[in-house]
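Heads up: the structure comes next, in structure tokens.
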Number of protein chains: 2
Amino acid sequence: MPTVRDWEALDRIKRASVGQLLIKGARLMQERFLARINRQGPKVTLRRAHTSLLPHIDQHGTRLTELARRLGITKQAAGQLVSDLESMALLERVDDPRDGRAKLVRFTKRGLESIHDGLSVLRQIESELEAVLGKTKMRQLHEALLVVVDELSRPEP
Amino acid sequence: MPTVRDWEALDRIKRASVGQLLIKGARLMQERFLARINRQGPKVTLRRAHTSLLPHIDQHGTRLTELARRLGITKQAAGQLVSDLESMALLERVDDPRDGRAKLVRFTKRGLESIHDGLSVLRQIESELEAVLGKTKMRQLHEALLVVVDELSRPEP
DNA sequence: ACTAAATGGTCAAGGACGATTTACTAAACG
DNA sequence: CGTTTAGTAAATCGTCCTTGACCATTTAGT
């Protein structure tokens, strides 16, 4: 039977939970990022799935299957995302010289410029965070997040 | 024209970006949480939208309209989530004695027990993080995230 | 070399989720 | 009263992803 004491405990946990703060912070970060990107120009409309694809495009291009593998989705799903970004002229498919079946997905000139713009928006937001956190705590946050991502990336026990 | 130097810069930024680490960490956290919750019993299947609703249910019940407002969605959308959770016997709708039109959404006994279970899963994951981070860095992470959430919660400049 | 299996990719259909719009009932408020 | 507020109902939508079928090419087995 739930008591008032139980509820106070729940409240304390909710406020104290690193996990919940992490999730909330990430959501806010993503919203702010997409809002600024899509505000500063009617060029294209990036969606969440696109932004999770883009970081996996390598300098010399990446195969669709490899992208799908890295994202943990089917190659059809990855193909759809690539097609979207292709129609925005951010990505292009070129034949892979080492395999006649394969194509390499890579940035267009414009896509690369857009990525640079995007990263500068990200840096801007991060510098706003650093302004309130301070340099030291920002560095600590960065280090801690590296460890967190590393730990959570390993398979479940 | 993109150069190799540009690419190296991009790579450095990607690895260094607090924003991207935050988003990735949150995604991994949520995945691990839902996986464990849904693994330790075939009782119910919680989805992401449900877990974002639950923390807003107050001790004495919360009105649907208020839930919708807090979540930033329409009351119909909130109503649907509540209906889902109701059919899992985690929530119930009761008449609000202070307003004949209104109903209060509140936890059932079972729902509250499940919440406790859920929070203990969360604490478990967090303790695993603390095991690799160390107590001090875990505390620093917590404090930094509080500031980050606070800063990102304020309206856009 | 020749065929069989594996691999890279595309097309089409559609499902799950998380919402929205529009329309409605019932109660409260003033 | 008439207007506002709480909630429900039904249809639909956008996003993101899957399944299934298929073609072209490479790789392996014998």
Side-chain angles (χ1 to χ4, degrees), chain A residues 23 26-27 30-31 33-35 37-38 44-58 60-88 91-106, chain B residues 23 26-27 30-31 33-35 37-38 44-58 60-88 91-106:
Chain A
I23 288 165
R27 190 176 47 75
Q30 198 143 27
E31 281 170 7
F33 177 74
L34 286 177
I37 286 289
N38 293 325
V44 296
T45 302
L46 275 191
R47 294 185 313 237
R48 208 170 45 79
H50 298 143
T51 64
S52 58
L53 171 76
L54 293 176
H56 295 292
I57 311 274
D58 298 323
H60 301 296
T62 308
R63 292 189 190 170
L64 192 64
T65 305
E66 173 63 12
L67 286 176
R69 194 192 59 74
R70 292 184 194 173
L71 289 168
I73 61 179
T74 59
K75 53 189 183 176
Q76 294 93 321
Q80 183 62 51
L81 294 177
V82 168
S83 294
D84 291 345
L85 291 161
E86 205 173 29
S87 72
M88 298 175 197
L91 296 181
E92 60 186 352
R93 289 168 158 102
V94 298
D95 291 336
D96 186 338
R98 289 170 305 179
D99 189 329
R101 298 164 301 177
K103 293 180 182 173
L104 292 174
V105 176
R106 67 181 191 194
Chain B
I23 288 166
R27 189 174 48 75
Q30 199 143 27
E31 280 169 7
F33 177 76
L34 287 177
I37 286 289
N38 293 325
V44 296
T45 303
L46 278 191
R47 297 187 311 248
R48 206 172 48 80
H50 299 142
T51 63
S52 58
L53 171 75
L54 293 176
H56 295 292
I57 311 274
D58 297 323
H60 301 296
T62 308
R63 291 188 191 172
L64 192 63
T65 304
E66 173 63 14
L67 285 176
R69 194 192 59 73
R70 291 185 193 172
L71 288 167
I73 61 179
T74 60
K75 52 189 182 175
Q76 293 92 327
Q80 186 145 340
L81 293 177
V82 169
S83 294
D84 290 346
L85 291 162
E86 205 173 28
S87 73
M88 298 174 195
L91 296 181
E92 60 187 350
R93 289 168 159 102
V94 299
D95 290 335
D96 186 337
R98 289 168 306 179
D99 189 330
R101 299 164 301 177
K103 293 181 181 173
L104 292 175
V105 177
R106 69 181 191 194

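Below, read A as the first sequence line, B as the second, and so on, with proteins coming before strands; counting in each chain starts at 1. Predicted model only: the values in this text are computed from it and were never measured.
Rounding to whole angstrom units, CG of residue A:Leu53 and P of D:dC17 are separated by 10 Å. A straight line from NE2 of A:His50 to P of D:dG14 spans 15 Å, rounded to a whole angstrom. To the nearest angstrom, P of D:dT27 lies 11 Å from CZ of A:Arg98. For B:Asp99 and D:dT5, the CG to C1' distance is 8 Å, given to the nearest whole Å. Whole-Å rounding puts the B:Arg101 CZ to D:dT3 P distance at 16 Å. The interatomic distance linking B:Glu66 (CD) with D:dT5 (P) rounds to 14 Å, in whole Å. Between the NZ atom of A:Lys103 and the P atom of D:dT26 there is a distance of 13 Å, rounded to whole Å.
Between A:Ala49 and B:Leu104, the residue whose closest nucleotide on DNA chain D is further toward the 5' end is B:Leu104. Residue order along DNA chain C, read from the 5' end via each residue's closest nucleotide, puts A:Ala102 first among A:Ala102 and B:Arg48.
When the side-chain nitrogen and oxygen atoms of A:Arg47 are compared with OP1 and OP2 of D:dT15, one or more of them lie within a distance under 4.0 Å. At least one side-chain nitrogen or oxygen of B:Arg93 sits closer than 4.0 Å to the OP1 or OP2 atom of D:dT8.
No donor-acceptor pair under 3.5 Å is formed between the side chain of A:Gln30 and the backbone N or O of B:Ile23.
When all heavy atoms of B:Thr62 and B:His56 are compared, the pair lying nearest together is OG1-O, 3.4 Å. Smallest separation of non-hydrogen atoms from B:Val105 and B:Arg93: CG2-CG, 4.4 Å. Here the closest heavy-atom approach between residue B:Pro97 and residue B:Leu104 is recorded as CD-CD1, 4.4 Å. Pairing each heavy atom of B:Leu46 with each of B:Leu34, the nearest pair is O-CD2, 3.7 Å.
Where DNA chain C meets chain A (any atom under 4.0 Å from a heavy atom), the bounding nucleotides read 5' to 3' are C:dA6 to C:dC11.
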### Task
Quick one: do A:Leu85 and A:Leu54 satisfy side chain to side chain contact (heavy atoms under 4.5 Å, CB included)? Show the steps, please.
CA-CA 9 Å; A:Leu85 291 161; A:Leu54 293 176; 3.8 Å; yes
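Applying the side chain to side chain donor-acceptor pair (under 3.5 Å) test between B:Asp96 and each of B:Arg101, B:Arg63, B:Lys103 identifies B:Arg63 as the sole match.
Interface residues of residues 72-82 of chain B facing DNA chain C, ordered by number: B:Ile73, B:Thr74, B:Gln76, B:Ala77; criterion, heavy-atom separation under 4.0 Å.
Residue pairs meeting the salt bridge (Lys or Arg N to Asp or Glu O under 4.0 Å) criterion with at least one partner in residues 46-57 of chain B, sequence neighbours excluded, are B:Arg47-B:Asp84.
To the nearest 0.5 Å, atom CZ of residue B:Arg70 and atom CG of residue B:Asp58 are 4.0 Å apart.
Partners of B:Gln76 under the side-chain hydrogen bond (donor to acceptor under 3.5 Å, both in side chains) rule, at least two apart in sequence or in another chain, do not exist in this structure. Residues passing the side-chain hydrogen bond (donor to acceptor under 3.5 Å, both in side chains) test with B:Glu92 are B:Arg106, sequence neighbours excluded.
Rounded to 10°, the helix from C:dA1-D:dT30 to C:dG30-D:dC1 has 20° between the axis fitted to its first five pairs and the one fitted to its last five.
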